[in-house]
Amino acid sequence: MKYPVTDTFTRCFCLSLRLPVCVIAVFTWSVQVHAQSDTAENGKGLTRNMIEGGKMQGFLFTDVKGIRLQFSGYVQADFIHDFSEIGNIHAMQPSTITVPTVSDGNTAFTIRQSRFAFTAFGAPDAKGRALKAVLEFDLWGNLSGAPRLRHAYIQHGKWTFGQYWSNFMDGDNWPNIMDYWGPNSYIWTRQVQLRFTQALSESMMFSVSAEQPGGDISIPSTWSSKTIYPDVTAAFQKTFGVKNASHVRLSGLLHPIDYKNGDADTKTSIGGAFNISGNINLSKNDDVKFQFAYGSGYAKYSEDISGQGYDGYAAANDKSISNISMLATWLYFDHFWTKSLGSTIGYGYLQLNTPDLNMPVGTLKATHYGSFNTTYYFTSFFKIAGEVLYGKRVNTDDTSGDDVRAQFSAFFKF
């Protein structure tokens, strides 16, 4: 699919890219020189997918009465410069870009991505079912870095109870990026849930969940949002290839949106969507990661626009809400040049059908996201990266704004 770009935009974009591209080029050249005497372990053990998937091993804190307590985490320092005005200065969130573009740059130094976790492993029960509980926090609570709860869940055999990644998302295909939020169109959210997971074969898994109720809707002030019915998800995941390093996942969502209208009538609108995603391991150094999701009334699951009221819309004279359709897709390529040097490039696109619903002028219609980085792994615990990002917001009246960001990050795992 092609998108028209004006000559003015092209010139501005190219000019804006000069500085960050130069920074990345110098950084890449320097680490390539050092990589010739590579003594680090394979950087694949420190990728974003390993981190978000909870595959990092910490150290044993205590082992008392059949419970082993493990402590793990990492410190990440991000040094960010935006060349245009954007609301979210610590993560690339295209929906918060000012429209039209305001060439008013900003620099932010932050440690908010840093996180820590406690994992407790209990002795198996009489039927041999494993028991685990996790409490994980990051420093995203406020601009000063206050702790914020990420995960709080229990796993007992095939059952999961508590707050964890939604079963509707793919937790095994994170592109190897440094930006905290990642692609704008990522189906990415944590939900309090009750989940059951069953292995259908050595390479096929099925999971079903009931998840936290609640709609993310734009309604008149005389209306109210309700939480009556939980969301329901189901997913199949098939692994294949060498060492089962590749997978394809198909997930579905039913999202009841409960509300009370101006006549005090309680109603439910059913949102729903499907999500096809995966990771294709092309070789020991190359992976393609992707997602294609489509449906209506499911914006609360979106990385970019969750919390902005795009599940559904009702005007003052309406009796019921209209679900908003959303297309959310992205494609990324991860490559390792050596054991300790890698690069990642990709693009994401999100589109809403808001122009069809006569929503107010200035309502969001689409966002774009692109990024490229180079990462150097000094050891299996420490890495640095330079990343260039581009974001664009387009409104229903076809006005738009964009931003170019340069980011340097240092990361240490413990």
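What you see below is based on every heavy atom in this structure, not just the backbone, and it leaves out hydrogens, waters and symmetry mates. For the single chain, residues carry numbers from 1 onward in sequence order.
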Charged N to carboxylate O under 4.0 angstrom, Asp138 versus Arg150?
->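 Looking at Arg150 together with Asp138, the answer is yes, because their closest N to O distance falls below 4.0 Å.
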Taking NZ, NE, NH1 and NH2 as the nitrogens, is one of them in Asp172 or Arg249 under 4.0 Å from a carboxylate oxygen of the other?
->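 Salt bridge: no.
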Parallel, tilted or perpendicular: which one describes the rings of [X] and [Y], with boundaries at 30° and 60°?
| X | Y | answer |
| --- | --- | --- |
| His151 | Tyr153 | perpendicular |
| Trp140 | His90 | perpendicular |
| Phe118 | Phe116 | perpendicular |
| Trp174 | Trp188 | perpendicular |
| Phe161 | Trp159 | parallel |

Pick from Asp179, Thr367, Asn88, Asn184: which one makes a side chain to side chain donor-acceptor pair (under 3.5 Å) with Gln93?
->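 Looking at Asp179, Thr367, Asn88, Asn184, the match for Gln93 under the side chain to side chain donor-acceptor pair (under 3.5 Å) is Asn88.
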Just by modelled atom types, is the [Y] backbone N or O under 3.5 Å from a matching donor or acceptor in the [X] side chain?
| X | Y | result |
| --- | --- | --- |
| Arg112 | Asp78 | no |
| Asn275 | Gln291 | no |
| Asp311 | Ala299 | yes |
| Asn353 | Ser325 | yes |
| Gln113 | Met178 | yes |
| Gln193 | Tyr164 | yes |
| Ser84 | Thr101 | no |
| Glu211 | Asn167 | yes |

Between [X] and [Y], which heavy-atom pair has the shortest distance, and what is it?
| X | Y | value |
| --- | --- | --- |
| Ser95 | Leu364 | CB-CD2, 4.2 Å |
| Gly297 | His255 | O-CD2, 2.6 Å |
| Pro213 | Pro230 | CB-CA, 3.8 Å |
| Gly401 | Val99 | N-CG2, 3.7 Å |
| Leu350 | Ser302 | CD1-OG, 3.5 Å |

Would Asp170 and His247 satisfy side chain to side chain contact (heavy atoms under 4.5 Å, CB included), going step by step from the backbone distance to the final call?
-> CA-CA 10 Å; Asp170 189 337; His247 78 269; 2.8 Å; yes
Please confirm whether Lys383 makes a cation-pi placement over Phe411, using NZ or CZ under 6.0 Å from the six-membered ring centre and within 45° of the ring normal.
->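 Verdict for Phe411: a cation-pi partner in Lys383.
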Side chain to side chain contact (heavy atoms under 4.5 Å, CB included) assessment of Asn176 paired with Asn49 = CA-CA 7 Å; Asn176 196 23; Asn49 202 51; over 6 Å; no
Just grab all the ring pair (Phe, Tyr, Trp, His ring centres under 6.0 Å) pairs involving residues 276-301, residues at least two apart or on different chains.
->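 Qualifying pairs, neighbours excluded: Phe168-Tyr301.
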Under the ring pair (Phe, Tyr, Trp, His ring centres under 6.0 Å) rule, what pairs show up with a residue in residues 208-245, not counting sequence neighbours?
->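 Residue pairs passing ring pair (Phe, Tyr, Trp, His ring centres under 6.0 Å), neighbours aside: Phe206-Phe236, Trp223-Tyr259.
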Would the number of heavy atoms belonging to other residues, nucleotides or ligands and lying under 6.0 Å from [atom1] of [X] be above 12?
| X | atom1 | answer |
| --- | --- | --- |
| Asn358 | CG | no |
| Ile270 | CD1 | yes |
| Lys267 | NZ | yes |

Say whether [X] and [Y], considering side chains only, have a donor N or O and an acceptor N or O under 3.5 Å apart.
| X | Y | result |
| --- | --- | --- |
| Thr329 | Ser185 | no |
| Asp286 | His335 | yes |
| Thr399 | Asp397 | yes |
| Ser246 | Asn281 | no |

How far apart are the C-alpha atoms of Leu253 and Asp231, what are their side-chain angles, what is the distance that settles it, and do they pass the side chain to side chain contact (heavy atoms under 4.5 Å, CB included) test?
-> CA-CA 7 Å; Leu253 166 72; Asp231 293 0; 4.2 Å; yes
Could you tell me which residues satisfy side-chain hydrogen bond (donor to acceptor under 3.5 Å, both in side chains) with Ser251, sequence neighbours excluded, listed by chain and number?
->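 With neighbours one apart ignored, the set is empty.
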Please report the C-alpha distance between Ser343 and Thr374 in whole Å, then the side-chain angles of each, then the deciding distance to 0.1 Å, and finally whether the side-chain hydrogen bond (donor to acceptor under 3.5 Å, both in side chains) criterion is met.
-> CA-CA 4 Å; Ser343 295; Thr374 296; 3.2 Å; yes
Within the 6.0 Å centroid threshold, strictly below: Tyr369 and Tyr186 =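 Tyr369 vs Tyr186: aromatic centres not under 6.0 Å.
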Positive for side chain to side chain contact (heavy atoms under 4.5 Å, CB included) with Tyr310, one of Asp216, Asn323, Thr354 |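 Only match with Tyr310 under side chain to side chain contact (heavy atoms under 4.5 Å, CB included): Thr354.
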In a check of side chain to side chain contact (heavy atoms under 4.5 Å, CB included) between Thr344 and each of Asn373, Thr375, Thr47, which one passes?
->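 Filter result, single survivor: Asn373.
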Would Lys300 and Gln191 satisfy side chain to side chain contact (heavy atoms under 4.5 Å, CB included), going step by step from the backbone distance to the final call?
-> CA-CA 11 Å; Lys300 86 169 192 177; Gln191 297 262 76; 3.7 Å; yes
Could you go step by step and tell me if Asp403 and Arg393 meet the salt bridge (charged side-chain N to carboxylate O under 4.0 Å, His left out) rule?
-> CA-CA 9 Å; Asp403 178 38; Arg393 172 184 171 125; over 6 Å; no
Test side-chain hydrogen bond (donor to acceptor under 3.5 Å, both in side chains) on Gln76 and Tyr74 and set out the steps.
-> CA-CA 6 Å; Gln76 180 168 329; Tyr74 65 83; 4.6 Å; no
